[in-house]
Structure formats: structure tokens, C-alpha cells
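Since the structure comes first, as C-alpha cells, the remarks are kept for the end.
Order of the sequence lines fixes the chain letters, A, B, ..., with proteins taken first and strands second; residue numbering starts at 1 for each chain. Not measured: the values here are computed from a predicted model.
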Amino acid sequence: MTSTPAVEDIVGSEYEHGFTTEIESDTLPPGLDEDVVRAISARKGEPEFMTEWRLKAYRHWLTMTPPNWADVDHPPIDFQAISYYSAPKRPEDGPKSLDEVDPALLETYEKLGIPIEEQKALAGVAVDAVFDSVSVATTFRETLAEAGVIFCSISEAVHAYPELVKQYLGSVVPHTDNYFACLNAAVFSDGTFVYIPEGVRCPMELSTYFRINARNTGQFERTLIVAEAGSYVSYLEGCTAPQRDENQLHAAVVELIALDDAEIKYSTVQNWYPGDAQGRGGIYNFVTKRGDCRGARSKISWTQVETGSAITWKYPSCLLRGEDAVGEFYSVAVTKGRQQADTGTKMIHIGPNTRSTIVSKGISAGEGRQTYRGLVRIGQRAANARNHTQCDSLLIGDRCTANTVPYIEVKHPSANMEHEATTSKISDDQLFYCRARGLSEEDAVSMIVNGFCKEVFNELPMEFAVEAQKLLSISLEGAVG
Amino acid sequence: MLSVTGLRANVGDKEILRGLDLRIGPGEVHAIMGPNGSGKSTLAHVLSGREGYAVTGGTASFEGRDLLALEPEERAQLGLFLAFQYPVELPGVNNTYFLKSALNSIRKARGEDELDAVSFMRLIKEKLKVLHLDDSLLKRAVNAGFSGGEKKRNEIFQMALLEPKLAILDETDSGLDIDALRVVSEGVNALRSPERSMIVVTHYQRLLDYIEPDFVHVLYKGRIIRSGGKELALELEQHGYGWITDEGAAA
């Protein structure tokens, strides 16, 4: 690989700062106990309150057992076999060149039209062009600072904005919430912090892609977004290109807080490595995402396109506390090969006149296994609450499965609930119809699937939507016949 | 243009086509009539390449190519068009997008440039007029929620746009009231040209009052047992299929 002098300068300068010499001592041996939690906190130079916060979570975690209600199969996870802290990966740790990377992955990169340097970065190959995005990121941060928007890593926020962190961290997903969220609270590596001041409309779509070091946030990511009264932010997470990671277990926590009249739009395209054809080596994605519509007339909208991971366990939810608060969940989930997904949402109506919309589109191909699991709860004070749920499953082939498990709890007589569910197959008739008009079988499948997902794609920011469509087509190539 | 000889095809164990011969020259309109279960739709499906039929004998060549060796999309790209008896709904798939993809896929296969959005819209508006169709059709999903008449008109509209060399109209008249039948037939007639051949598969003589065929064939038990001019259809109307099928069965 040839590198430009500028890049060598940067690589060299890191060396100068003892970056590599520190690394050996910067990776903790596998295993988890209080010392490990303290060590993580110490490595990050965290203030006392954070160390205590983590320890409290860890002690609670010891009393918990892993959840077993999800419709997914995997061997038990040995939590003592995981290393809970590793500094940013050294180039030597990854594949030496693209020759060592799964050819199927490379083929996908090609189809997505990803430049070669970026392919290397995604596949974890030592790369020298990531620095391009650093300069881009700096420009963005300046624009954001002018608007008063804080957009930084959560580690940075702990130091720079401890009061905000103290006030909001764990206030939506407390460490007692569930097994994986609790583990995350104890050992989270890094993540993103966003704060939008009162009345500010964030001047751009925020994306982890533009945050420095975003690539190395590791397996226990933590995201916290606070939108003050009357503010607006749209946040994009993930990347359409399949990302490799040697950490098999991912247990992220995302907390969103929207105050009076604030709106948060959170879009995800998740495309983690699903493993090889037998599902080996794929990522386990056990994520807790929750938005708290704390203020009156606040709105939180989740849009997700889930095509990757060997196992997905994820229920982006909304707590609709404020009067007239609105929660939305738009999801496309694809399982193929041996992928398993148990995903859905929870809409918890607490305040009066709260409204929620759920549109879930599940696509299952190959031996994919998929469950939509959703809860809509209308509380005692939630007068005139309304929910509309639409769950559609599309099956491709005859070895995949799709299940819908809706839970509905209504404690107020004025509630208005609608639930629609359909399961359909791409029929031979539909395929033949398209082919008789000159379209190839693959184009036909892609067209029918994209039609099926349209309502969700419409919710994605334009650029993301185009990429998501392309991604879907590629994901399902060869899925028929 | 199309030459079918001794064509035999099964569905499962059942032989439906039993040695069918058909020859169609450029610009000719052939009507294929016959009672229920005679193999009319099977013929349309086998020619357009639908799965589920096993061809056990005979040949079919189209434009000098072995038609039976081609995938359905290759047949379409070569200029074959099937107007479906029951057009399929494609929920969420925008009609304009579908048509543009289909047209460009065919153009591409023929080595022609793909049409850009502007020229495509110009073309599509022009073709809409032929079928007296409303613009709103373009914004809807393919056939989704269309009435029976709209679906059939949409088929002929697609035909107008894709400009096939050979169109097979599979019971295009079924389910149409008299007004819709007239509109659809006018659409079809507007598409008649010396380069475009048609196979009109129908049950009833009624359609042939509107679309006047050059030749009429009677299909019975998987074979063409009688061929003639358009007057054959009138005779059938008068006497019913019985007077031929009795002979056919005897022969």
C-alpha cells in the first residue's frame, strides 16, 4: 500500500505520542469484576460519580439473569470470556489486506460503490485515509458550536458537561432495566452525546459517521440525546456498508429525551456482519433504545432498517409522558441465511392525548427467522390516547419464518387502538408478471420488496433512503429460487 | 415471425397441449377460440415462459430464436408481450416506476439507450391518451385496487408503451362490460400495424366484433382442429363449439 506523505505524517505523529506503546497496557484481559469496572473508569479518567454509577450497575447486574423470552437461539454467552476494554484497535490486529477479508463482503462493497480506502476501513484493514473524515468532522463541529449544539463523545461529555450527564444519563434506561442495558451501564466503552439547546433547530443531520473516533466506540456503545424545549434534531446512526467487528456481542444503549415541543428523529441503518452462510462469526446485537417524550407536544420518531447481524434483539421504544406527545416507529427488518431477529417496539402512553404509530415491515428469506414483538400500553391517565399499528411480513421462499407477537394493555376507556397485521409471500404470479414485462427476476424481487417497504423508506432522510433501497436489493440477491 | 410445430405440454401428469401447430406472419391478427379447458391459456403461458408447464415435445421459434429455450424476460425483451387474463397486483410498486424499469430493461437488452425521466414522461402521456386513461393511474401502485376494467386497460396501456412485435391477449374481454370492452378494443386496434402481430385468445365471438382477426383457429383438446377466416368465428357463434368438436373428436 502506498501512502501519501500527509498521511505518513499523521501516522508518524501518533507514534510520537506513544500511541502504540500505551496499547499493550490498554487492553484489559478477559473477565469482569469490580476491579475491571474501576479500571475502565480509571482508563477514561472519569470523575468519581461515574465510577460509582458504573459500580452500582455492575452490582445489580450480578443479581440478574440473561433474558430468555426472545425467539432466538444462540449458545450461552460466556461473559467472563469477553475483554471489556480495549483501546482503539491497532492496525496489526485487523486483516493485513483486503485479500484476508471474506470475499462476499468485498463483493457487497463493490456493489454499493464504496471507494477502496473506505472498504478497508469498514473491513478493519489498516487504513490511512480515515483522517479525511477528521477534517470534515472539524468543519461540522464549528457550525454546530455556532448554533450551541453539543455533539461529542460521551467520554468527552462526562468531563466537559458533567451536570448534563448526571442529570440525564440512565434517566430513560435505568441500569435496572434489563440484563444487557445493565451490563452496558457498568462497562460502556464510549458513544455519542448530543445536546440541543432550547428553541434550536439543529442545522444539519447529525451522523456518527462524522464524529471523530466513531469507528472505535466498541461493543458497549452508549448514546444520549437531549432535546430542550422547542428544539429539533435528526440523528443518523450506522452505515449501509456491512461493518465487520471481531466483538461478537454488541449491547448498546440509546437514550433520547425530548422536552416540551421538542422533536427527535432517530434513523438507523444497521448492517453488521451477519456471519458466513452458516451464520458463523456474525454479530449478536442486543440493544436497548428508548425515547422519553417528557415534554408536552414532544415527538420522538424511530426509523430503522435492520439488515445485518446474526441475531438482533431490539425494541426502540417511546415513553409518552407529556400531554399530546407523539411516538413513531418505522421499521424494516430483513433476515436471510441463518439470521434471527426478535424486534419491535414499545409505546407506553402515560400522558393524555398521546398518539403513537407503528409500522413494521419484516422480510424473511432463506432460513431467516423473525419475530415482531410489540407492546402498546395505555395508562390510567392517558385519556384519548391513540395508537395505530401495522405489522406486515413478507416471506421469500419456504424455509423462513415470521411471527407477530403484539401485546396490548389498555387501562383507559377512551383509548383508540388499531392493529393490522398481514403476512404475504412474493408470489410466483407477481414474479412472472414482472418478468413477462422484461424485468429480471432479481429486479422483480427488489421492486416488490421495495414497494413493500415504501412507507418506512419514506420516513428516512432522502440520501439514506436511496442507500437503504440499494442495500435491500443487494441483501436479497439470490434469495429467490 | 412465430412458428409453432407439434407443441406438447403437460401440467403435472396431465397433457394439455397435444401437438399444436401455429404459424403467424408479421402484422397478422389470429384469434384462438375454444371451449373451457381446451388449452387456450396454457398456450399463452407456455409461449410466454411461465413456470409450471412441462414442454414434452414440439418447437416454437420466434424471430428466428428458439422461444422455448428463453427466460420469460428474454422473450419480453425480444418483443413478446402477454396481456394477462388476471393482471397481478404489486402493492407499493409505483406504476410509473414499474413501466420505466420495464421499458428500459427491454431497451437495454436491445442495445438501445435507456430513456431519461423527461422523455419517458413525454412518451407515457402520449400513450395514456390512446387508452383514455387518467394521469392519476401513474401515481398508483401497479394494479393495486384497480377495477377489472382498469386492470385490462392498464395491460393494453403497457402494450402500447412496450411496443411488442407479438402480443398475446389472454381473454382480455373477460370481466369487461360493453363500454370497457369498446375502449380496450379501440386501444388494441390503434396498436395494429404491419409489423405487429397479435394472438387474441377468447371464449366469445363478441370481442372479435371489435378486434377483427385475419385468421380464426379453434382449439380443442390441445390441438387446433379448424382454421379459417373471420367468418369461422361467426359460424361458431351460430352453431356453438359442438358442431366442430364432434367432428374433431371423430377425426
Side-chain angles (χ1 to χ4, degrees), chain A residues 305 330-332 334 359-363 390-398 420-460 465-466 468-470 472-473 476 480-481, chain B residues 44-45 47-53 70-110 112 114 140-144 151 154-155 157-159 161-164 167-168 170:
Chain A
V305 177
Y330 297 96
S331 168
V332 167
V334 180
V359 178
S360 165
K361 303 278 181 178
I363 300 158
Q390 189 190 331
C391 281
D392 298 325
S393 305
L394 186 67
L395 304 175
I396 303 175
D398 51 13
E420 289 176 38
T422 65
T423 301
S424 53
K425 272 186 82 161
I426 292 191
S427 69
D428 293 343
D429 284 349
Q430 286 176 323
L431 284 179
F432 177 65
Y433 189 75
C434 294
R435 295 178 75 188
R437 296 295 174 261
L439 297 164
S440 71
E441 184 159 9
E442 283 184 351
D443 285 348
V445 170
S446 148
M447 198 176 265
I448 294 165
V449 168
N450 277 306
F452 175 74
C453 300
K454 201 171 179 184
E455 286 161 281
V456 175
F457 287 163
N458 284 346
E459 295 299 318
L460 285 171
V466 173
Q469 279 194 25
K470 209 157 114 190
L472 206 62
S473 309
L476 292 171
V480 175
Chain B
H45 287 155
L47 290 180
S48 50
R50 183 175 200 133
E51 283 171 25
Y53 300 90
L70 300 175
E71 294 294 330
E73 59 268 34
E74 292 171 322
R75 301 180 196 203
Q77 288 157 2
L78 210 57
L80 186 77
F81 180 92
L82 172 65
F84 283 65
Q85 183 179 2
Y86 304 108
V88 181
E89 301 195 0
L90 303 175
V93 178
N94 174 274
N95 219 354
T96 309
Y97 178 67
F98 176 76
L99 292 170
K100 185 161 175 256
S101 306
L103 181 64
N104 278 335
S105 163
I106 289 174
R107 291 180 67 100
K108 213 167 128 188
R110 291 179 185 162
E112 296 164 2
E114 295 187 25
R140 292 162 66 182
V142 181
N143 293 325
K151 281 183 183 171
N154 195 31
E155 292 293 291
F157 169 56
Q158 293 183 6
M159 172 175 154
L161 192 75
L162 301 179
E163 302 186 317
I168 304 171
D170 188 8

Would you mind telling me which of B:Arg75, B:His45, B:Glu51, B:Glu71 has the largest number of heavy-atom pairs within less than 4.5 Å of chain A?
B:Glu71
Could you grab the distance from atom CZ of B:Phe98 to atom CG of A:Asp443, nearest 0.5 Å is fine?
11.0 Å
Picking from B:Val142, B:Leu162, B:Asn143, which has the most non-hydrogen pairs under 4.5 angstrom with chain A?
B:Asn143
Just how far is it from atom CG of A:Leu439 to atom CD1 of B:Ile106, taken to the nearest 0.5 Å?
8.0 Å
Could you tell me the separation between the CD atom of B:Gln77 and the CZ atom of A:Arg437, rounded to the nearest 0.5 Å?
13.0 Å
So for A:Cys453, is it side chain, backbone, both, or neither that comes closer than 4.5 Å to the heavy atoms of chain B?
neither
What part of B:Leu82 lies closer than 4.5 angstrom to a heavy atom of chain A: side chain, backbone, both or neither?
both
Under 4.5 Å from a heavy atom of chain A, the part of B:Ala83 involved
backbone
Gap separating the OH atom of A:Tyr433 from the CD atom of B:Glu155, nearest 0.5 angstrom
3.5 Å
Please state whether the side chain, the backbone, both or neither of B:Pro87 comes within less than 4.5 Å of a heavy atom of chain A.
both
Please flag which part of B:Tyr86 lies under 4.5 Å from any non-hydrogen atom of chain A: side chain, backbone, both or neither.
neither
Can you name the closest pair of heavy atoms from A:Gln430 and B:Pro91 and give their distance?
NE2-CD, 3.8 Å
Given that the side chain runs from C-beta out, which part of A:Asp429 has a heavy atom under 4.5 Å from chain B: side chain, backbone, both or neither?
both
Could you tell me whether B:Glu74 and A:Arg435 make a salt bridge, using a distance below 4.0 angstrom between a side-chain N and a carboxylate O?
no
Heavy-atom proximity to chain B below 4.5 Å, by part of A:Phe452
backbone
Minimal non-hydrogen separation, B:Leu90 against A:Cys434, with atom names
CD1-SG, 3.8 Å
Identify which of B:Gly52, B:Ser105, B:Ala141 forms the greatest number of heavy-atom pairs closer than 4.5 Å to chain A.
B:Ser105
Looking at every non-hydrogen atom in both residues, tell me the closest pair between B:Gly49 and A:Phe432 and how far apart they are.
C-CE1, 3.7 Å
On a heavy-atom basis, which atom in B:Ala76 and which in A:Ala436 lie closest, and how many Å separate them?
CB-O, 3.4 Å
